[in-house]
Amino acid sequence: MTKTYAAITGVAGYVPDYVLTNAELETMVDTNDEWIRTRTGIRERRILKGEGKGLSVMGVEAVNRLLEKTNTDPAEVDLVICATVTGDMVFPDTANIISDICGIKNAFAYDINAACSGFLFALTTASKFVESGSHKKVIVIGGDKMSSILDYKDRATCIIFGDGCGAVLLEPTEEKVGVIDALHCSDGAGRQYLHMKAGGSAYPATPETVQAKQHYVFQDGRPVFKAAVKGMKDVVSRVMKRNDLTSDNVRWLVPHQANMRIIESVAHFADFPMEKVMVNIQKFGNTTAATIPLCLWDYEDQIQKGDNVILTAFGGGFTWGATYLKWAY
Ligand code: UT7
């Protein structure tokens with residue numbers, strides 16, 4: 001029996017217009033452009049402004065662009081998965097809201113929360129539905145409105161993150177392209193270093209949790225940095241090895257955009273020259289679940305059919321992983 005593969009057949013993205021520069025951050029918190037650029041590689045990030053505007057605002061833009069460029073009738077879409085930590089509401093899931101507004105009426109839709117690894121976890125989940133033959137047009141969204149959970153007085157977090165959303169269409173093919181392999185890991189012991197404490201069932205919102213700033217991202221950067229480098233190096237090398245890949249026959253490494261020094265360290269270890277590494281952290285910062293689809297969107301013109309592509313991410317949880325794709329168009 002021929003195997004069915006899940007191929008990415010289109011990618012689209014959306015970032016809000018407002019550009020938050022390092023210079024503006026200098027006016028908000030005790031930081032400076034030079035520190036941010038040299039320690040993280042970030043020059044600016046986008047922010048979604050406006051009362052009542054949540055992730056779905058960006059998700060709808062990204063999905064509508066995707067439907068249009070792939071000539072997809074919304075009625076044909078049969079599954080929508082949205083990876084995020086900043087859904088519009090605790091429930092219902094933002095995938096439902098986006099589907100409703102985009103006219104996707106024949107799909108089931110849900111969110112996945114795996115922080116910065118969310119897009120990869122969602123892509124693997126979605127690919128199983130396509131490979132099994134049960135679903136034929138699946139949209140995977142990765143998006144976050146990080147500005148909604150940041151304390152702009154905390155220089156350890158507010159300088160890194162930004163808002164954005166990307167989306168891909170997955171369709172079945174019998175050609176050996178698309179998602180070929182994926183390896184994912186989780187370690188809940190890492191939650192002490194990166195989390196948002198309140199707003200869930202353990203610490204529901206109260207005046208005290210708001211006062212204690214527990215509805216903001218907490219990050220102890222150094223241990224996260226170390227674990228991110230170690231985790232991504234490990235999964236990238238394991239996925240490449242078990243698929244007989246070397247940096248010579250892989251065209252693109254697409255790392256989560258959390259810190260330029262992390263990206264360079266993983267690339268160096270895996271022996272990728274930087275011209276084979278997708279980087280857009282300088283203009284978007286760390287958009288959590290959106291970094292990888294936004295990179296694919298940015299570099300789409302430069303990717304050729306048949307290119308071997310390795311995606312890798314590390315994030316809160318801890319969660320991490322690497323995915324091997326063969327580009328399908
Ligand atoms: O995306 C999901 C996973 N997240 C990550 O992968 C992020 C991983 N962590 C990081 O990227 C880095 O740890 C940060 C960018 C968050 C911080 O960079 P760092 O090089 O680890 O800085 P640090 O926290 O070790 O601080 C070094 C120094 C400290 O000063 P002293 O104690 O050496 O005098 C900090 O107070 O830099 C100071 N500092 C800053 N100075 C200016 C920390 N943040 C800032 C800032 N501006 N924004």
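Note that ligands are numbered from 1 as they come in the structure, with each ligand's atoms numbered from 1 the same way.
Among protein heavy atoms, the minimum distance from atom 2 (C) of ligand 1 is reached at C116 SG, 3.1 Å. For atom 4 (N) of ligand 1, the closest heavy atom belonging to the protein is Q219 OE1, 3.1 Å. Atom 1 (O) of ligand 1 has its closest protein heavy atom at N286 ND2, 2.7 Å. For atom 3 (C) of ligand 1, the closest non-hydrogen atom of the protein is V224 CG1, 3.6 Å. In terms of protein heavy atoms, atom 17 (C) of ligand 1 is closest to W35 CH2, 3.8 Å.
By the 30° and 60° cut-offs, the orientation of the rings of H135 relative to F129 is perpendicular. Using the six-membered ring where Trp is involved, F121 and H184 have ring planes that are tilted, between 30° and 60° apart.
For K213 and D154, the salt-bridge test fails: no basic side-chain N is under 4.0 Å from an acidic carboxylate O.
Of all heavy-atom pairs between A182 and T323, the closest is CB-OG1, 3.8 Å. Shortest non-hydrogen contact noted between V217 and T157 is O-CG2, 3.9 Å. Heavy atoms only, all atoms of each residue included: A258 and I160 are closest at O-CG2, 3.6 Å.
Atoms of ligand 1 lying under 4.0 Å from at least one heavy atom of T31, given by number and element, are 42 (C), 46 (C), 47 (N), 48 (N). Taking every heavy atom of A258 and a limit of under 4.0 angstrom, the matching atoms of ligand 1 come to 1 (O), 5 (C), 6 (O). Close approach of ligand 1 to I262 is summarised as follows: ligand atoms under 4.0 Å from at least one heavy atom of the residue are 6 (O), 8 (C). Of all atoms in ligand 1, listed by their number and element, those nearer than 4.0 Å to a heavy atom of N259 are 10 (C), 11 (O), 12 (C), 15 (C). The T40 neighbourhood of ligand 1 comprises atoms 15 (C), with distances under 4.0 Å to a heavy atom of that residue.
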- Do F108 and L79 pass the side-chain contact (heavy atoms from CB on, under 4.5 Å) test, and can you show the C-alpha distance, the side-chain angles, and the key distance before you say yes or no? CA-CA 5 Å; F108 77 110; L79 170 62; 3.5 Å; yes
- Please walk me through it: do E264 and V279 pass side-chain contact (heavy atoms from CB on, under 4.5 Å)? CA-CA 10 Å; E264 285 171 347; V279 176; over 6 Å; no
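Under 4.0 Å from ligand 1, heavy atoms of F225 appear from its side chain as well as its backbone.
Side-chain N or O atoms of D73 include one that pairs as donor or acceptor with a backbone N or O of A75 at under 3.5 Å. Remark: the backbone N or O of A205 is not paired with any side-chain donor or acceptor of T209 at under 3.5 angstrom.
There is no protein heavy atom closer than 4.0 angstrom to atom 34 (O) of ligand 1. Distances from atom 19 (P) of ligand 1 to the protein include at least one heavy-atom value under 4.0 Å. When distances from atom 22 (O) of ligand 1 to the protein are checked, a heavy atom turns up under 4.0 Å. Remark: atom 47 (N) of ligand 1 lies closer than 4.0 Å to at least one protein heavy atom.
When the heavy atoms of C158, G221, G317 are ranked by distance to atom 13 (O) of ligand 1, first place goes to G221. Of the listed residues (T157, I160, I159), the one carrying the non-hydrogen atom nearest atom 16 (C) of ligand 1 is I160. With R155, R222, R39, R261 as candidates, the residue nearest to atom 26 (O) of ligand 1 on a non-hydrogen basis is R222.
Between Y193 and K226, every side-chain heavy-atom pair lies at or beyond the 4.5 Å cut-off.
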